[in-house]
Amino acid sequence: MTNREPARSREQRKQDALDHLEKDEDAWVSTASADGVPTLVPLSFVWDRGTLLMATRRTNPTAVNVTSDGQARIALGPTRDVVLIEATAELIENADLPSESSDAFAAKLGWDLRDLSAWVYLRFTPYAVRAWREKNELADRELMADGRWLE
């Protein structure tokens with residue numbers, strides 16, 4: 001693999017990752033069932049107060065897996081500009097989500113779940129973030145560890 005561009009600084013990669021979190025609408029979300037069966041699905045999201053807020057039907061495997069395990073991996077961006085997030089996950093009932101968060105979700109994604117009882121919100125709180133484009137960024141790809149952005 002040939003490097004097409006010089007490696008970005010950690011500061012630039014962090015800003016690029018934050019841009020993905022603010023501007024992207026969809027992410028790949030990976031969870032596992034209690035017996036280890038993986039699930040990978042695309043979900044729409046909004047970056048809300050340092051977390052990724054998503055929604056799905058309460059009976060879908062992702063919601064069930066989050067309830068039993070509380071862990072997820074999330075990927076944003078194309079394969080040559082990936083942001084990989086490890087996060088703790090929680091299921092939030094519509095009535096329990098602050099109105100500012102449900103308003104932000106509806107405004108960005110164009111749909112409001114508040115009256116849909118079959119749906120729940122999922123809040124993913126990142127504790128590790130890595131980002132890279134090419135081989136020349138692999139060694140320094142870690143941007144967040146233990147829930148803190150690295151300097």
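Worth knowing before you read on, the calculation uses all heavy atoms, side chains too, and leaves out hydrogens, waters and symmetry mates.
Note that the OG1 atom of Thr51 and the CD1 atom of Ile92 stand 7.5 Å from one another [nearest 0.5 Å]. Taken to the nearest 0.5 Å, the CD atom of Glu25 stands 12.5 Å off from the CG atom of Leu76. In this structure, Arg141 CZ and Arg133 CZ are separated by 16.0 Å, a value rounded to the nearest 0.5 Å. Note that CH2 of Trp28 is 9.5 Å distant from CG of Leu43, once rounded to the nearest 0.5 Å. Here Asp112 contributes atom CG and Asn94 contributes atom CG; the two are 8.5 Å apart, rounded to the nearest 0.5 Å. Rounding to the nearest 0.5 Å places CZ of Arg58 at 9.0 Å from OG1 of Thr67.
A continuous path of ILVMFWY side-chain contacts below 4.5 Å connects Leu91 to Phe124, so both sit in one hydrophobic cluster. If you chain together hydrophobic residues whose side chains sit under 4.5 Å apart, Leu109 and Leu116 fall into the same group. By the criterion of side-chain heavy atoms lying less than 4.5 angstrom apart, applied directly or through intervening Ile, Leu, Val, Met, Phe, Trp or Tyr residues, Val46 is not grouped with Val120; the two fall into different hydrophobic clusters. Following chains of ILVMFWY side-chain contacts shorter than 4.5 Å, one can reach Trp47 starting from Val129, so the two form part of one hydrophobic cluster. Two different hydrophobic clusters hold Leu21 and Tyr121 under the rule that ILVMFWY side chains link at heavy-atom gaps under 4.5 Å.
The heavy-atom pair separating Ile85 from Pro126 by the smallest distance is CG2-CB, 3.7 Å. Nearest heavy atom pair, residue Pro6 against residue Asn136, reads C-ND2, 3.5 Å. Heavy-atom minimum distance, Ala27 versus Met54: CB-CE, 4.2 Å. In terms of heavy-atom proximity, Pro61 sits nearest to Thr39 at CB-OG1, 3.8 Å. What you find for Arg57 and Ala63 is that their closest heavy atoms are O-CB, 3.7 Å. Looking at every heavy atom in both residues, Phe105 comes nearest to Leu53 through CE1-O, 3.7 Å.
Between Gln71 and Thr88, some side-chain heavy-atom pair lies under the 4.5 Å cut-off. Contact check for Leu97 versus Ser102: side-chain heavy atoms found under the 4.5 Å cut-off.
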Query raised in the report: Run the salt bridge (Lys or Arg N to Asp or Glu O under 4.0 Å) check on Asp81 and Arg8 step by step: do they pass?
Result: CA-CA 11 Å; Asp81 189 13; Arg8 296 169 292 169; 3.8 Å; yes
Report task. Dump the intermediate steps for salt bridge (Lys or Arg N to Asp or Glu O under 4.0 Å) on Glu142 and Arg130, then the final yes or no. Result -> CA-CA 4 Å; Glu142 190 171 24; Arg130 295 176 199 84; 5.2 Å; no
Report task. Go through the steps to decide whether Arg123 and Arg49 satisfy the test side-chain contact (heavy atoms from CB on, under 4.5 Å), and finish with yes or no. Result -> CA-CA 10 Å; Arg123 186 178 297 281; Arg49 296 183 271 176; 4.1 Å; yes
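The number of heavy atoms from other shown groups lying within 6.0 Å of CD (Glu22) is above 12. The environment of Asp96 atom CG is dense: over 12 non-hydrogen atoms of other residues, nucleotides or ligands sit within 6.0 angstrom.
Taking a cutoff of 4.0 Å between a charged side-chain nitrogen and a carboxylate oxygen, Arg114 and Asp103 qualify as a salt bridge.
In terms of modelled atom types and a separation under 3.5 Å, the side chain of Arg10 and the main chain of Glu151 share a donor-acceptor contact. Asp24 places no side-chain N or O within 3.5 Å of a backbone atom of Phe45 that could act as its donor or acceptor partner. The backbone N or O of Ala7 lies less than 3.5 Å from no partner atom in the side chain of Arg13, so there is not a single donor-acceptor pair.
At a cut-off of 3.5 Å, with distance as the only test, a side-chain donor of Asp35 or Ser33 sits close to an acceptor on the other residue.
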